[in-house]
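I have placed the structure first, in the form of structure tokens, so that the comments after it can refer back to it.
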Amino acid sequence: MSWLRVAASLDFATAFQKGFFPFVPGGLIKAAIAGLLMPLLWRLARARAA
């Protein structure tokens with residue numbers, strides 16, 4: 001975001017909107033998927049180890 005500010009000569013608010021906000025939904029979706037899958041994967045790993 002700071003590089004976007006310098007390279008595109010944007011103010012802080014605009015750089016924040018263009019360089020941060022577009023990535024928030026994807027990050028939240030990835031975090032939710034990881035949160036749902038990790039317990040399942042740990043169970044599978046324990047079952048294989050036993």
Side-chain angles (χ1 to χ4, degrees):
M1 200 174 72
S2 57
W3 178 248
L4 181 62
R5 230 183 127 191
V6 172
S9 300
L10 299 173
D11 63 282
F12 180 78
T14 305
F16 193 76
Q17 286 176 338
K18 294 183 183 278
F20 181 77
F21 280 137
F23 299 99
V24 171
L28 291 174
I29 291 169
K30 287 188 281 185
I33 290 170
L36 293 172
L37 286 181
M38 281 310 293
L40 174 65
L41 295 174
W42 276 114
R43 273 191 237 135
L44 290 173
R46 285 188 192 128
R48 280 188 148 195

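Counting only heavy atoms from C-beta outward, the side chains of I33 and K30 never approach each other to under 4.5 Å.
Within the model, atoms CG of L4 and NZ of K18 stand 8.5 Å from one another, a figure rounded to the nearest 0.5 Å.
Linking Ile, Leu, Val, Met, Phe, Trp and Tyr whenever their side-chain heavy atoms come within less than 4.5 Å puts F12 and V24 in one cluster. The cluster map of Ile, Leu, Val, Met, Phe, Trp and Tyr, joined by side-chain heavy atoms under 4.5 Å apart, puts F16 and V6 in different clusters.
A15 approaches R5 most closely through the heavy-atom pair CB-CG, 3.7 Å.
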